[in-house]
J.: 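Please see the structure below; I have some questions.
Every chain is numbered from 1, with letters handed out A, B, ... down the list of sequences. These values consider heavy atoms only, across backbone and side chains, with no hydrogens, waters or symmetry-generated copies.
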Protein chains: 2
Amino acid sequence: MVKTGGPTRAASAPVLDSMDFALDRGSPVPLYYQLAQQLESAIEHGVLAPGNLLGNEIDLSTRLGLSRPTVRQAIQSLVDKGLLVRRRGVGTQVVHSQVKRPLELSSLYDDLEAAGQGPTTRVVRNERVAAGADVAAALGLAEGAEVVVLERLRSTHGQPMAYLCNYLPAALLELDTARLEATGLYRMMRTVGITLHSARQTVGARCAAPEEAARLDERPGAALLTMERTAYDDTGRAVEFGTHIYRASRYAFDFQLLVRP
Amino acid sequence: MVKTGGPTRAASAPVLDSMDFALDRGSPVPLYYQLAQQLESAIEHGVLAPGNLLGNEIDLSTRLGLSRPTVRQAIQSLVDKGLLVRRRGVGTQVVHSQVKRPLELSSLYDDLEAAGQGPTTRVVRNERVAAGADVAAALGLAEGAEVVVLERLRSTHGQPMAYLCNYLPAALLELDTARLEATGLYRMMRTVGITLHSARQTVGARCAAPEEAARLDERPGAALLTMERTAYDDTGRAVEFGTHIYRASRYAFDFQLLVRP
DNA sequence: CAGTGGTCTAGACCACGGG
DNA sequence: CCGTGGTCTAGACCACTGT
């Protein structure tokens, strides 16, 4: 009862018709997620080229043996990532290039990922102190509460690139210096069961004071990129407050953002 | 402020039980969206305080006369905004403060919204030129293609704050100088039917060259915040390439980001 | 153990866009 | 007009969390 007949091969014949997907119902991985991953991979490898239509959801779901909501969930997740665009009366198509690698969002990740990989990190300071007014306010603690202050110099190719100063509630976790240099701060938090939820960032610039310049091997007055961040876990606790400075001659924030309708 | 007896409310008494929602099935506004808006408003006004549980989805749906998926869709949209957190076996609760005003994402919006509101914008240059190599590459055009170059000085309180230089494909839209100063670039695009989809940004810093300093009323060598952006519409066309410089003494990017699991 | 969210199904009608 | 995605329903079972 294949009523659909042969879909007339219009200019934009759904490439998806000839694709096959391997869905494993025994897997603990959700079906919608399996489908989303395979679609994403197909897009990434060029099997689904920019502008290609995906074909309507009904056909897709019957062909895959899934319900329509499940297929929609998979597609929606890729729309949220910016890889697909849906239009009523038209269809779902692969976004016209340029998105590819989302780069994730801004510097939270390059801190998170880069730690312990390419760059070198040297812990300059790692001790418990009483929180000053600004730090206490940022972390939502009482002034004078015990916090860990952490200063790190991050370098690449033997050249200093950034000077990171962070404050954390002392009760949060144990900060072993050796592990910090090898593993990175956010990874250490995650292993202790802290799941990051959101962060508030301010990015600015200023000229290097003599002391800062010396630390970063710059000349005094050189342009520095500054970043102040407070990160919160999923219970709403502030888990980190940081003041970072980057050599503008060697570093810039690079990120992509999606416009939500 | 009316206090509710104890400082901490019992977690097992969902505040939501006593709330009523006005859902209009005749409205063109989707039910899940109506619910989401009213929940968000309740959170914003403190009716739902941080840490409060929302009560389970089944009860909620029967009490509202909605199906569970519809209620889930409403809740999910707020989870995506970072206002709610869901945990299996626990429940859905309001995130512990600090998120409140999402501020949207970074400068795309303050450009977008601020235009035509508080700040003053003076169009310094608005003409058609042949695209240079860099501009052509950024916009995906052939070198020498006709583009509109736009230079604007943005001020607040009578003081210059930023110098914005933008390039747009000439065929895209008509750029009336008077309207530009009153309405803003992105709003003009939207009225012509261009829907922004994504943008790629690079934020850096440098010291002001004499010419730049003069334009911004800064001293030469002062720190400047720089931003380079290419914006794309939902078909993947590059619709704008811009190089902006901000006085670091008067401006910083301030944004919030959510960590996706 | 009981209760929660996470996933999935098989239908339905509506609103919009294009020919 | 037809086909598309957008919304909605009323169930179901599973996986995880806490006691």
Side-chain angles (χ1 to χ4, degrees), chain A residues 3-5 7-8 10-14 16-17 23-37 52-80 84-95 193 195 234-235 261, chain B residues 10-14 16-17 23-37 52-80 84-94 193 195 234-235 261:
Chain A
K3 180 188 183 303
T4 64
T8 47
S12 47
L16 213 60
D17 287 0
L23 298 174
D24 176 9
R25 283 180 181 275
S27 163
V29 179
L31 291 172
Y32 81 89
Y33 194 78
Q34 293 182 37
L35 177 55
Q37 278 187 321
N52 280 164
L53 284 171
L54 235 62
N56 76 52
E57 300 170 346
I58 311 279
D59 286 357
L60 194 51
S61 57
T62 60
R63 204 145 45 73
L64 295 175
L66 296 174
S67 69
R68 188 186 167 203
T70 301
V71 172
R72 271 185 71 81
Q73 194 175 359
I75 293 177
Q76 186 59 47
S77 70
L78 297 185
V79 171
D80 290 341
L84 297 177
V85 179
R86 291 207 254 216
R87 298 170 204 264
R88 270 189 189 167
V90 179
T92 303
Q93 46 187 323
V94 180
V95 86
T195 60
D234 53 7
T235 71
Chain B
S12 52
L16 211 61
D17 287 359
L23 298 175
D24 176 9
R25 285 181 122 74
S27 163
V29 178
L31 290 173
Y32 80 89
Y33 194 80
Q34 293 183 37
L35 177 54
Q37 278 187 322
N52 280 165
L53 283 171
L54 234 62
N56 76 53
E57 300 170 346
I58 312 281
D59 287 357
L60 193 51
S61 57
T62 60
R63 203 145 46 73
L64 295 174
L66 296 175
S67 69
R68 188 185 165 203
T70 301
V71 172
R72 270 186 71 80
Q73 193 175 0
I75 292 177
Q76 186 59 48
S77 70
L78 297 185
V79 171
D80 289 341
L84 296 177
V85 180
R86 292 209 254 214
R87 297 171 205 261
R88 264 190 204 178
V90 177
T92 304
Q93 46 187 321
V94 180
T195 59
D234 53 7
T235 72

J.: Here's a test of your reading of the structure: between A/R68 and A/G89, which maps to the more 5' nucleotide of DNA chain D?
T.: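 Its nearest nucleotide being more 5', the pick is A/G89.
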J.: Which is it for A/R72 and A/T92 under the side-chain contact (heavy atoms from CB on, under 4.5 Å) test, yes or no, and what are the steps along the way?
T.: CA-CA 11 Å; A/R72 271 185 71 81; A/T92 303; over 6 Å; no
J.: What's B/P28 touching, base or sugar-phosphate or nothing? Going by heavy atoms closer than 4.0 Å.
T.: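 No contact.
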J.: With heavy atoms of chain B within less than 4.0 Å as the criterion, where does contact along DNA chain D begin and end?
T.: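 Under 4.0 Å from chain B, the extent on DNA chain D is D/dT7 to D/dT17.
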J.: Would you indicate what A/R87 reaches in the nucleic acid, counting non-hydrogen atoms under 4.0 angstrom: base, sugar-phosphate, or nothing?
T.: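 Sugar-phosphate, backbone atoms only, no base.
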J.: Determine, step by step, whether B/D234 and A/Q93 satisfy the side-chain contact (heavy atoms from CB on, under 4.5 Å) criterion, reporting the C-alpha distance in whole Å, the side-chain angles of both residues, the deciding distance to 0.1 Å, and the verdict.
T.: CA-CA 10 Å; B/D234 53 7; A/Q93 46 187 323; over 6 Å; no
J.: Looking for any heavy atom pair under 4.0 Å, which part of the strands does A/I58 touch: base, sugar-phosphate only, or nothing?
T.: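 Counting heavy atoms under 4.0 Å across all strands, no contact is made by A/I58.
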J.: Do A/V95 and A/L84 come within less than 4.5 Å of each other through their side chains, counting heavy atoms only?
T.: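 No. Closest side-chain heavy atoms not under 4.5 Å.
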J.: For C/dG3, does either OP1 or OP2 sit under 4.0 Å from a side-chain N or O belonging to B/N56?
T.: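 Checking C/dG3 against B/N56, no side-chain N or O comes under 4.0 Å of OP1 or OP2.
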J.: Could you say whether A/R88 or A/V71 is positioned toward the 5' end of DNA chain C, judged by the nucleotide with the nearest heavy atom to each?
T.: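 By nearest-heavy-atom nucleotide position, the 5'-most residue is A/V71.
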J.: In whole angstrom, what separates A/L53's CG from C/dG18's P?
T.: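 Result: 13 Å.
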J.: Quick check: closest heavy atoms across B/S77 and B/A36, and the distance to 0.1 Å?
T.: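 B/S77 and B/A36 have their closest heavy atoms at OG-CB, 3.5 Å.
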J.: Ignoring hydrogens and angles, tell me if any N or O in the side chain of A/Q34 forms a donor-acceptor pair with the backbone of A/V29 under 3.5 Å.
T.: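 At least one qualifying donor-acceptor pair exists.
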J.: How close do A/L66 and A/L23 get, heavy atom to heavy atom, and via which atoms?
T.: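 Nearest heavy atoms, A/L66 then A/L23: CD1-CD1, 3.6 Å.
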J.: On DNA chain C, nearest-nucleotide positions of A/T70 versus A/V90: which is more 5'?
T.: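 This one resolves to A/T70.
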J.: Given that A/P69 and A/T92 both sit by DNA chain D, which one's nearest nucleotide is further toward the 5' end?
T.: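 Closest to the 5' end, via its nearest nucleotide, is A/T92.
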